[in-house]
Amino acid sequence: MQEYNAYETGLKEECGVFGIYDLDGHNVGSSIYYGLSALQHRGQESCGIAVSDTYGPKGVVNSYKGLGLVNEVFKESDLRKLKGNIGVGHVRYSTSGATTLENAQPLVLNYIKGTLALAHNGNLVNALDLRHKQEYSGAIFQTTIDSEVIAYSIARERINSKTVEEAVLKTAKQIKGGYALVIMSPRKLIAVRDPFGLKPLCLGKRDNTYIVASESCALSAVGADFIRDIHPGEILTITKSGIHSNLELQQEKKAHCIFEYIYFARLDSKIDGISVYDSRIRGGAALAKSYPVDADLVVGVPDSGLAAAKGYSEESGIPFALAFHKNSYIGRTFIKPTQEERESSVKIKLSVLESVVRGKRIVLVDDSIVRGTTMANLITMMKQAGAKEVHVRVSSPPFLYPCYFGTDVPSNKQLIAYKHTPEEICELIGADSLGYMKIEDLQEMVGGLPLCMACFNNDYPMEVPKINLRENFTSM
Ligand code: AMP
């Protein structure tokens, strides 16, 4: 396998995908717009829509994409131009430096047998191997490697396949990693989920319209009913004669990403039968059992720490309170390139409600500590506002290892838990006590669901191009 360092290549992706096919022929552009808006939390860097008319001339794809949030990129006039009853959409999240329009999706490819548009969430572990094969066959690559590798592979396989879904199957047999794909060919919508089920993908229906989306919250947003999750390893093809499911790639071993439940997914989504909200409540309750403390109030860091804080409060009997005002018009702080920018944006995004915290012993719950910037800032702000004690509870274990399947994590050099023990971290962030979720309790969050929690335990569900983290480590 080709050796590469996911951090250096900048291949990280955590995105949202959406696909829709209106069998009655109505335009789907605005539904994609609303679906993508509901998936905005999965990516704020760029977004795009590609549509086609299954009743029109074959292979005409109208697409529009841009940098920014869905409501910034699409004006009403842009949407009106996107005429067609089948389409795919994408919201993209990636590290700084890769914010270019060329990297925005859907990727539209014109090839010898027609056109295809592809929206992709995830990361492959063998993209470079496949890319080299393709370069050999003359393809030219400039942008997001993984998505292009997949699209070019489908195009190449299509030449010797009877149908596009056969080409997709041949491609899916070659790619390894975590992925959710929605592919539009002129007359078909195809959804693919990786055999481990690392990335979420579900199916819904509204009247005579089928919809696939990264999360069920996007189905609700367009008035569709949730039908089911796409099975790990399933290739689902929607045509005018209905749905066809190919399960050839299904395997026994499943490994759903725990980080979807901890942080990524929206609270009102249900993934693989588990409500994200319920899982976070259970996580918070587990924290209360493992790390009880005498305190006056339990508060959560908006938004992803709130449900776990509620769970902690319910289990401990300590009242839940709102301690922050969140400015909803500021983007996520995590992705800001420099430490200075990150620090100032925490303060711009969150402010402490002094009247709530003054003189109180506070349990402060967040979903994760990555670099420690957010927590250190919030504790300082709380103490400045008069909090007597701040006891930090984190609804995930120490973040230690990289994700090769598409969750955006900084290099291990920046992971605070990599260099410091929990006791040291407690001191560094200025907390009065610190409790991280135990690995055993992660499983409790989601019942018996088989998980990938490699970012916490280094146990990857498939072979990955491992970096020796200890040796790789230089300084914070
Ligand atoms: P940090 O300040 O670097 O410790 O980041 C911690 C904050 O980032 C927490 O409040 C999390 O909600 C958030 N976070 C955790 N993981 C991610 C991720 N992969 N992408 C974006 N934000 C994240």
Side-chain angles (χ1 to χ4, degrees), residues 6-7 11-16 40-45 91-96 98 121-123 178 198-199 257-267 276 280 283-284 299-309 323-324 326 330-350 364-381 392-420 422 425-426 428-431 434 436-437 452-456 476:
Y7 296 133
L11 300 179
K12 287 154 275 176
E13 302 271 330
E14 185 61 52
C15 309
Q40 188 78 81
H41 59 286
R42 298 185 70 85
Q44 299 96 48
E45 180 193 287
V91 286
R92 180 162 195 266
Y93 189 147
S94 92
T95 50
S96 58
N121 167 214
N123 233 76
L198 280 154
K199 297 289 163 195
C257 170
I258 187 61
F259 221 65
E260 291 287 342
Y261 297 95
I262 291 171
Y263 171 78
F264 261 114
R266 223 170 80 165
L267 215 48
V276 173
R280 290 186 190 166
V299 307
V301 179
D303 295 310
S304 42
L306 292 175
F324 300 98
K326 183 184 163 194
I330 310 280
R332 288 187 172 188
T333 55
F334 187 85
I335 217 87
K336 292 280 182 303
T338 69
Q339 189 65 13
E340 212 174 282
E341 280 174 280
R342 264 194 299 276
E343 284 179 14
S344 62
S345 45
V346 174
K347 287 181 201 121
I348 293 164
K349 196 161 106 180
L350 293 174
L364 175 61
V365 184
D366 200 3
D367 63 282
S368 54
I369 294 181
V370 183
R371 301 176 183 89
T373 321
T374 308
M375 226 7 134
N377 273 284
L378 294 181
I379 294 169
T380 307
M381 285 156 64
V392 173
R393 300 293 179 265
V394 186
S395 59
S396 61
F399 208 123
L400 288 169
Y401 304 101
C403 178
Y404 297 91
F405 311 122
T407 296
D408 179 23
V409 281
S411 87
N412 57 297
K413 292 175 199 165
Q414 294 171 303
L415 296 174
I416 194 168
Y418 211 85
K419 195 173 183 194
H420 299 282
I425 296 170
C426 182
L428 280 171
I429 61 176
L434 169 65
Y436 276 105
M437 174 103 89
C452 172
M453 34 186 170
C455 50
F456 306 122
M476 272 282 285

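FYI, the numbering just counts along the sequence from 1. For clarity, every value in this text was computed on a predicted model and none was experimentally measured. For ligands, and for the atoms within them, numbers begin at 1 and follow the listed sequence.
Between Val91 and Cys15 the shortest heavy-atom distance is O-CB, 3.0 Å. Contact between Val299 and Ala323 at its shortest, heavy atoms only, is CG1-CB, 3.5 Å. In this structure, Asp367 and Tyr263 approach most closely via the heavy-atom pair OD2-CD1, 3.2 Å. Between Asp366 and Ser304, the closest heavy-atom pair is OD1-OG, 4.3 Å.
A ring-centre distance under 6.0 Å is not found for Tyr401 and Phe456.
Taking every non-hydrogen atom of Ser304 and a distance limit under 4.0 Å, the qualifying atoms of ligand 1 come out as 12 (O). Below 4.0 Å from some heavy atom of Thr373 lie the following atoms of ligand 1, by number and element: 1 (P), 2 (O), 4 (O). For ligand 1 and Asp366, the ligand atoms under 4.0 Å from any heavy atom of the residue are 9 (C), 10 (O). Within the listing of ligand 1, atoms 1 (P), 3 (O), 4 (O) sit less than 4.0 angstrom from a heavy atom of Gly372. Distances below 4.0 Å separate heavy atoms of Arg371 from the following atoms of ligand 1: 1 (P), 3 (O), 4 (O). Short contacts between ligand 1 and Tyr93, defined as distances under 4.0 Å to a heavy atom of the residue, involve ligand atoms 20 (N), 21 (C), 22 (N). Here is the list of ligand 1 atoms found below 4.0 Å of a heavy atom in Ile369: 4 (O).
The CZ atom of Phe264 sits 7.0 Å away from atom CZ of Arg42, with the distance rounded to the nearest 0.5 Å.
By the criterion of a heavy-atom distance under 4.0 Å, the side chain of Asp367, and not its backbone, is placed next to ligand 1. Contact annotation: for Ser368 versus ligand 1, heavy atoms closer than 4.0 Å belong to both the backbone and the side chain.
Residue contact annotation: Phe259 has a non-hydrogen atom under 4.0 Å from ligand 1.
Looking at ligand 1, you won't find any N or O of Phe264 less than 3.5 Å from one of its N or O atoms. Of the polar atoms of Val370, at least one N or O is found under 3.5 Å from an N or O of ligand 1, judged by distance alone.
Put simply, the side chain of Lys199 gets close to the backbone of Phe405: a donor and an acceptor are under 3.5 Å apart.
Under the rule for a salt bridge (charged side-chain N to carboxylate O under 4.0 Å, His left out), Arg280 has no partner lying at least two apart in sequence or in another chain.
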